[in-house]
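The model shown is predicted, which means the values in this text are computed figures rather than measured ones. Every chain is numbered from 1, with letters handed out A, B, ... down the list of sequences. These numbers come from the heavy atoms of this one structure, side chains and all, not from hydrogens, waters or symmetry mates.
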Amino acid sequence: MQRRALVYLIGFIVLILAFVISMMARDSAVLEGFYITFGAFLTLCILSFLYKDNPFYKFAEHLFVGVSAAYWMSMGFWTTLIPNLIGRLHPPAVRLFLPAVADAEPNYWYLIPLALGIILLLRLSAKVGWISRWSLAFVVGTTAGLNFIRYMRSDFIGQIYNTINPLAVYSATDRSFMAMDSISAVVVFFGVFCGIVYFFFSKEHKGAFGAASRVGIYVLMVTFGAGFGYTVMARISLLVGRMRFLFDDWLGMIN
Amino acid sequence: MAFFDTIKNIDRRVIFLFIALSVIVPLLFNVIFPERITPIVQKIFDKIEALPEGSRVLISLDFDPSTAPEQEPMVDAVIYHCCQRNVKLYVMALWGAGQNIADATINRIITTHFPNKVYGVDYVHLGYKAGNQGLINVIITDMKKMYTTDVNGTQIDSIPMMRGVRSLKNMDLIAAFGGGFPGLKEWILFAGDPGNIPVAGGVTAVSAPLLYPYYPNQMLGMMGGIKGAAEYESELIRKYPDFEKMPHGGLEMMGPQAVAHVVIMLFIIIGNVTFFIDRKRKTRAN
């Protein structure tokens, strides 16, 4: 309990300081400097977790979650609800924020999404919360329907099409044999074939079938290895990004 | 053997320290390695290079600050290239945070380095809209169903470069940046394939292996992680030497990246050697 109180105290002091300084700073350069320093402080708070869990880390984590939630809510309201719902149902109501669309004709078809949205919010009530399933069913059904068609076309048929290519590739211009492209086509075809064999469990993995299955395992291992390598690159990139922020933007040590 | 015992029981924080040093030292000494463009990145470069003046390119920024260090160098390079080629840029976002990132990018690249470009004539910022792949599904037939105004509240019909743009099918290229959901994959599935529109872009390194199968039939080209950005930047410097004067994050980040990879590989080798020695010792003891 004492630890939680400490987190709240640190958070409260830091936020009050941030608010006071941002109110007092009239010069934009001073304000920018303050924001960068505050960003550096939060970065160090998060990195401090590498040593061990501590109240500074907890404060930064809670602040991030809170700010993210507020940001998404605010963005959804101002970029979607105001122009695409209220601006369509009753355009004069948005004259203050979007004068360009205030004189448009109302479109009452948008009462349907409004009703579904209100029904979804009924989930907050224990008594009538069950009605929210109607909206949820609409969302799930529409998404499933949309995704089914697109995934079937692009991920299923499209990927089969991409796999079954000529194994011997010739140049379109002078009809010469392209060795590297042919090797690539052979590797893709047999890699996919052996990978599928590995996941075929209705027949015992023995003989030629077992050999193909073993090649399938190697293909999967290479895939996981590539995935791991790329993941390392991604994580190091983020670390480099933060270090550039600390040593360049904040401390100005990088020439 | 005492050495191997020490290595075996090494505190993970020592490894963190080595990784931090392997990133900080090359950064401070500005270590930059030469890069050569690979075919999958070259295809994007060649496509933009071949676009006639006035062509329409949609740039979708589908990421947030958590992956910005990886994605911003790609976006900067592509937008710089498009501005050099005098194509019209339609900037939008499927992620909420993408809208502010787009604002910052426009300010950093277009306003600063191409002050003669006019908003509404050469580039427009359409902002963020909720809806994920549903949004793409709508704007592939009618953009105005979702975009009544741009990000500043200007009516879409009064923006000169929006005249003649009815749907995504009027775009000559879609360049999507972002490896999460929704991201490049959704642009391929919901716009590129059904609309027969060339789709390219850049993704976080984590997502890159999952997107390779779409190349080259369903996806024009792809920049995978910071390596892809560095390749694009190196080609841009070769073709447009002025780009060298600008910050090129991809090339600058590949130096620390390479050193950190060497350190990680060394730790993997040390970890494996220690494991096998330890196993041998246990077998002998039994």
### Query
Does Glu244(B) have any side-chain hydrogen bond (donor to acceptor under 3.5 Å, both in side chains) partners at least two apart in sequence or in another chain, and if so, which?
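If we apply the side-chain hydrogen bond (donor to acceptor under 3.5 Å, both in side chains) test to Glu244(B), skipping adjacent residues, there are no hits.
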### Task
Could I get the full list of side-chain hydrogen bond (donor to acceptor under 3.5 Å, both in side chains) partners for Ser66(B), not counting sequence neighbours?
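Checked Ser66(B) against side-chain hydrogen bond (donor to acceptor under 3.5 Å, both in side chains); matches are Asp64(B).
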### Message
Within residues 25-32 of chain B, which residues come under 4.5 Å of chain A, heavy atom to heavy atom?
### Response
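Answer by number: Leu27(B), Leu28(B), Asn30(B).
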Portion of [X] that has a non-hydrogen atom of chain B nearer than 4.5 angstrom:
X         : answer
Thr143(A) : side chain
Asn107(A) : neither
Arg235(A) : side chain

### Query
Where on Glu72(B) is there a heavy atom nearer than 4.5 Å to chain A: the side chain, the backbone, both, or neither?
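Neither part.
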### Task
Give, as side chain, backbone, both or neither, the part of Met146(B) having an atom under 4.5 angstrom from any heavy atom of chain A.
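Met146(B) touches chain A through backbone and side-chain heavy atoms alike.
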### Query
Would you say the side chain of Met253(B) lies within less than 4.5 Å of the side chain of Ile236(A), judging by non-hydrogen atoms?
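Of all side-chain heavy-atom pairs linking Met253(B) with Ile236(A), none is under 4.5 Å.
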### Query
Would a 4.5 Å heavy-atom cut-off, applied to side chains only, mark Asn84(A) and Lys145(B) as touching?
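Asn84(A) does not reach Lys145(B) side chain to side chain.
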### Query
For Leu50(A), does its backbone N or O pair with a side-chain atom of Arg13(B) as donor and acceptor, under 3.5 Å?
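A pair under 3.5 Å: no.
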### Task
Begin with the C-alpha distance, continue with both residues' side-chain angles, and end with the deciding distance and a verdict on side-chain hydrogen bond (donor to acceptor under 3.5 Å, both in side chains) for Gln257(B) and Ser237(A).
CA-CA 7 Å; Gln257(B) 182 82 244; Ser237(A) 297; 2.9 Å; yes
### Message
My understanding is that only residues two or more places apart in sequence, or in another chain, count here; which of them pass side-chain contact (heavy atoms from CB on, under 4.5 Å) with Pro113(A)?
### Response
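Checked Pro113(A) against side-chain contact (heavy atoms from CB on, under 4.5 Å); matches are Tyr110(A).
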### Query
Is the shortest side-chain N to carboxylate O distance from Arg150(A) to Glu186(B) below 4.0 Å?
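Looking at Arg150(A) and Glu186(B), the cut-off is not met.
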